[in-house]
Amino acid sequence: MYLNCHSYYSLRYGTMPVETLVEQAAGKAVPALALTDINNSTGTMDFIRACRRHGVHPIAGIEFRDGNRLLYTGIARNNEGFRELNEFLSVCNISKKPLPPDPPPFRNAYVVFPFGRKTPSQLLGNEYMGVRLAGVRKLFSSPFRHRQEKLLIMQPVTFGSREDYTIHTHLRAVDNNTLLSKINGEHLAAKDEHFRPLDEFLDAFRGYPEIIRNTESLIGDCRIGFDFSTIKNKNCFTVSRYDDKLLLEKLALDGLLYRYGKNNPEARRRVKHELEIIDRLGFSAYFLITWDVIRYSMSRGFYHVGRGSGANSIVAYCLKITDVDPIELDLYFERFINPKRTSPPDFDIDYSWKERDEVLDYIFKRYGKKHTALLGTISTFRDRSIVRELGKVYGLPKPEIDHLVQYPDDMLNRSQITGKIMYIGHKIIDFPNQRSIHAGGVLISEEPITAYTALDMPPKGFQTTQWDMYVAEEIGFEKLDILSQRGIGHIKECVDIVLDNRKKKIDVHDVEAFKKNPKIREQLRRGETSGCFYVESPAMRGLLKKLRCDNYISLVAASSIIRPGVSKSGMMREYIWRFHHPGEFEYIHPVMEEQLKETFGVMVYQEDVIKICHHFAGLDLADADVLRRAMSGKFRSKNEFKRIAARYFENCRQRGYPDEMAREVWRQIESFAGYSFSKAHSASYAVESFQSLYLKSHFPLEFMVAVINNFGGFYRTWVYVNEARRCGAVISLPCINLSRYKTSIRGKEIFPGFVHIANLETRTISAFLEEREQHGHYKSLEDFVSRVPIGIEQLVILIRIGAFRFTGRGKKVLLWDAHMQLGKSTPARREQMLFHSPEKKFKLPDLEEDALEDAYDEIELLGFPVTLTAFDMLKTSFRGALMARDLMKHVGRKVRMLGNLVTIKNVKTVKKEWMHFAAFLDAEGEFFDTVHFPKSLKNYPFRGYGVYLILGEVTEELGFPGITVEKLARLPVRTDPRY
């Protein structure tokens with residue numbers, strides 16, 4: 001009877017989680033239930049599992065709609081029918097074509113049309129009309145009264161309670177982007193779409209027993225089920241599992257020779273051990289597919305970083321999937337593949353943001369689009385998004401919505417409408433809102449992907465599953481993460497720039513040599529890390545100095561303890577202190593010394609959570625891993641988490657631990673695990689950091705150019721330009737003859753790329769660069785104008801930024817000439833001229849050039865000044881009582897400094913007050929850091945970016961100085977002479 005049920009995966013329509021829907025059905029003794037969410041099969045896997053738990057017969061289907069118009073409902077007879085429905089919806093989604101009014105003739109699925117849509121003669125063998133309870137009286141005058149074999153009882157279920165209808169109307173208003181008052185019947189489900197007693201159906205259709213029999217027969221014919229215990233990935237890379245085993249062994253032993261040489265018995269033993277486990281668990285194909293992707297990308301010259309738990313594997317190291325030596329770091333393979341681990345393993349492979357899509361394209365073409373898909377993800381309604389969406393539904397003006405979002409407890413926000421918004425918002429929190437795309441997860445399936453889900457086609461251009469990573473894991477998929485990262489891009493680009501500028505070839509994979517390089521170690525110790533992957537933020541720079549970090553192992557630890565959980569729990573400070581005072585602290589328990597001696601009794605890595613839960617609290621490895629995953633947001637079952645947490649405390653009591661000790665260890669676990677890295681992950685990041693550090697310490701100018709060109713990093717472009725100048729570069733303005741699209745370097749002279757110039761169009765840049773490439777440098781402004789189709793607005797931009805200074809003529813003279821030559825003509829009109837009139841020569845008076853005016857032009861067009869510094873533009877000549885390099889000499893004293901604001905970090909105190917940590921550059925271009933406590937911040941807030949006068953006390957922690965600010969004020973700059 002219930003062949004048309006909606007969960008909340010019917011986005012912005014349904015009101016019940018899948019579990020609630022099935023629970024209600026079981027509670028009302030409903031024997032069979034069909035989940036038919038609108039235009040998706042997202043919830044089907046969860047639905048089947050829930051039905052198994054509650055003893056309900058599951059039926060899979062999809063309700064097909066064109067906007068608000070119901071077209072038909074597909075109901076799968078079996079797994080093949082489910083695949084057919086998914087395939088049909090996927091084809092429409094991928095081709096961006098609307099759903100047709102009539103579906104194709106499915107072989108293993110039924111189609112149910114809304115009553116009245118078709119006549120009996122129009123229905124195919126697998127097609128029916130669905131009759132609601134409210135529509136029974138229409139049967140008397142319907143042509144179907146004599147063709148009842150084509151009718152079914154079809155009572156939709158959308159609501160679990162009367163209140164759900166109110167939630168539904170709000171969701172429909174959000175979905176239709178309209179006011180609640182404008183929602184009408186065409187947008188809404190009927191109010192009676194809730195579970196009704198079965199006797200009510202039998203009574204209503206008492207006069208039509210054939211319809212009851214049809215419905216029962218169809219329900220009996222439908223079966224859907226999956227084996228959730230088996231691996232769903234592609235079974236074999238070669239032709240059989242045995243051949244996969246032989247190939248993987250061959251490749252691993254070849255790689256062993258490359259990585260470790262001929263005589264390393266420990267490495268050989270470990271490779272053999274891993275290969276046995278990999279074969280026993282059936283993961284050989286997974287390793288080989290990953291190797292195949294790496295092989296392709298390396299053949300294309302793409303750089304990659306293999307990270308995550310996969311870096312624990314020596315086989316992965318030998319296959320060049322990762323560059324982390326697990327023997328050097330004592331990484332244990334069981335963290336990656338553990339027979340008791342509850343989740344399948346995955347590899348995380350980072351590529352440059354410019355190359356990732358090419359790798360994905362290879363994977364889809366190599367393994368076939370029928371068997372390959374990106375992982376989807378589900379974005380949910382959350383606090384601020386809910387308020388904004390519901391505020392629009394009620395017609396609130398944007399300023400009122402903004403105020404409600406920022407200050408929800410403000411008395412000014414108390415009204416009947418805002419009360420309703422908050423009430424409904426609370427009800428729909430965590431409801432699915434939109435389907436989106438996972439950061440990088442790829443699935444390669446043995447069966448067609450549509451056997452498990454319909455597919456979407458997001459703007460990215462690669463088909464995507466309609467369910468997320470949690471469902472993928474639960475049904476037996478092991479994802480391969482192909483991620484993009486700008487850090488890799490600047491490493492590769494720097495190598496290319498060095499080859500071009502210095503004619504030197506660099507092997508950035510010689511990480512072992514980098515680890516021993518004294519220049520790199522000194523740079524790391526001093527925190528000279530601007531632009532370097534993962535180690536350039538003010539917090540990381542401070543940590544490196546406090547640790548006096550100068551080696552790979554220390555950097556691996558630093559990469560994890562910088563994460564929010566460790567610092568928030570106070571354990572980062574404790575780690576630093578213990579690092580420098582190894583014999584002056586006591587371990588909270590002997591197990592901590594036994595398991596965490598390397599990290600001074602502090603949990604630094606995800607593995608440490610597993611170790612302590614297992615060895616300290618006696619949890620088995622499976623429970624310890626579930627706990628780790630739950631804390632890191634990778635596990636959905638809150639009940640399971642509570643069960644294991646309770647077992648932790650019960651075990652601690654049984655072992656006789658004092659309650660205070662058990663709570664303190666739990667506090668460290670809880671605050672830490674959600675943000676921590678695995679040791680292998682930290683090690684992978686540290687490898688990439690060392691590659692960046694090598695390039696910066698030996699080729700600083702080329703390195704900074706590469707960082708600028710990758711448009712990503714912790715800081716804005718002007719900070720990296722400052723760093724290049726600080727390293728000895730001469731920064732020149734863009735030049736029409738010497739600059740390129742991106743930033744470039746000639747010797748020690750750096751030219752910002754044309755791409756950085758505001759409002760300069762890409763087609764204009766392409767036009768004059770292609771002309772220059774084909775016919776040589778421009779000799780004058782007149783020569784440029786005669787060769788390049790350009791409008792006056794674009795030409796003025798180039799003149800104002802100084803791109804024609806090679807002519808030796810001032811900008812004002814050039815602007816005069818430009819207007820005389822182009823006037824109001826367009827590029828198209830000038831191209832049609834066969835003959836050019838001789839140029840008129842004018843004698844101009846001497847026009848004054850102003851350096852300050854130039855600097856303001858540069859700020860307007862580039863975002864920062866080049867010919868002057870921010871300090872040169874101040875009204876005052878004061879540059880501070882001291883520079884950053886002298887701070888350690890003034891610890892404990894109050895000082896006045898000048899700093900150009902770089903970045904601010906906002907932090908809430910335990911009293912819910914805001915405090916700030918800020919980073920500045922002094923007049924010499926050196927960093928210094930400040931702390932702004934709530935009282936100081938309230939009286940002396942930041943007023944945007946600029947140069948500030950700062951009064952405060954110099955503090956010091958383990959050799960790292962900073963300023964606790966009492967007062968600050970943004971300094972005025974000289975007036976813009978252009979206006």
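Starting from 1, each residue takes its place in the sequence as its number.
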Rounded to the nearest 0.5 Å, what separates atom [atom1] in [X] from atom [atom2] in [Y]?
X: Ile386; Y: Asp430; atom1: CD1; atom2: CG; value: 7.5 Å
X: His194; Y: Asp164; atom1: NE2; atom2: CG; value: 10.5 Å
X: Thr166; Y: Lys420; atom1: OG1; atom2: NZ; value: 5.5 Å
X: Leu188; Y: Ile183; atom1: CG; atom2: CD1; value: 6.0 Å
X: Tyr715; Y: Ser537; atom1: OH; atom2: OG; value: 6.0 Å
X: Leu483; Y: His438; atom1: CG; atom2: NE2; value: 7.5 Å

Would you mind reporting whether [Y] and [X] have side-chain heavy atoms less than 4.5 Å apart?
X: Thr377; Y: Met469; value: no
X: His187; Y: Lys182; value: no
X: Phe928; Y: Val954; value: no

Query raised in the report: Parallel, tilted or perpendicular: which describes the rings of Phe942 and Tyr948, with under 30° parallel and over 60° perpendicular?
Result: perpendicular
Requested in this report: Just say parallel, tilted or perpendicular for the rings of Trp353 and Phe711, cut-offs at 30° and 60°.
Outcome: perpendicular
For a quick check under 3.5 Å, do [X] and [Y] share a side-chain donor-acceptor pair by atom type?
X: Asp37; Y: Ser7; value: yes
X: Thr42; Y: Asn40; value: yes
X: Arg172; Y: Asn68; value: yes
X: Asn4; Y: Thr36; value: yes

Query raised in the report: side chain to side chain contact (heavy atoms under 4.5 Å, CB included) with Arg65: which of Asn39, Thr73, Leu99?
Result: Asn39
Please check if the number of heavy atoms outside [X] that lie under 6.0 Å from its [atom1] is greater than 12.
X: Asn177; atom1: CG; value: no
X: Asn939; atom1: CG; value: yes
X: Lys96; atom1: NZ; value: yes

Residue pair [X] / [Y]: nearest heavy atoms and the distance that separates them:
X: Thr44; Y: Ala60; result: CG2-CB, 3.9 Å
X: Pro538; Y: Thr903; result: CG-CG2, 3.8 Å
X: Ala870; Y: Val947; result: CB-CG2, 3.9 Å
X: Asn93; Y: Leu455; result: ND2-O, 3.0 Å
X: Ile421; Y: Gly391; result: CD1-CA, 3.9 Å

Salt-bridged, [X] to [Y], with N to O below 4.0 Å?
X: Arg653; Y: Glu650; value: yes
X: Asp46; Y: Arg49; value: no
X: Arg132; Y: Glu193; value: yes

Given 3.5 Å as the limit, does a donor-acceptor pair link the side chain of [X] with the main chain of [Y], or not?
X: Glu574; Y: Val602; result: no
X: Asp468; Y: Tyr470; result: yes
X: His168; Y: Tyr13; result: yes
X: His170; Y: Ile167; result: no
X: Thr955; Y: Thr964; result: no
X: Ser10; Y: Ile38; result: yes
X: Ser379; Y: Asn433; result: no
X: Asp456; Y: Thr464; result: no
X: Tyr165; Y: Phe159; result: no
X: Gln466; Y: Thr453; result: no

Requested in this report: Step by step, work out the side-chain contact (heavy atoms from CB on, under 4.5 Å) result for Leu198 and Tyr2.
Outcome: CA-CA 10 Å; Leu198 289 174; Tyr2 296 108; 4.1 Å; yes
Tell me every residue that passes salt bridge (Lys or Arg N to Asp or Glu O under 4.0 Å) with [X], counting only those two or more places apart in sequence or in another chain.
X: Glu536; answer: none
X: Arg53; answer: Glu19
X: Glu953; answer: none

Query - Stepwise side-chain contact (heavy atoms from CB on, under 4.5 Å) check, Val174 with Leu390 - result: CA-CA 7 Å; Val174 169; Leu390 293 178; 4.3 Å; yes
Query raised in the report: Could you walk me through whether Trp467 and Tyr9 pass the side-chain contact (heavy atoms from CB on, under 4.5 Å) check?
Result: CA-CA 10 Å; Trp467 35 242; Tyr9 287 117; over 6 Å; no
Query - Chi angles and distances behind the side-chain contact (heavy atoms from CB on, under 4.5 Å) call for Leu968, Thr930 - result: CA-CA 11 Å; Leu968 87 160; Thr930 59; over 6 Å; no
Query raised in the report: Within 45° of the ring axis of Phe864 and under 6.0 Å from its six-membered ring centre, is that where the NZ or CZ of Arg716 lies?
Result: no
Requested in this report: Taking the six-membered ring for Trp and the full ring for Phe, Tyr or His, determine whether the centres of Phe431 and Phe381 are under 6.0 Å apart.
Outcome: no
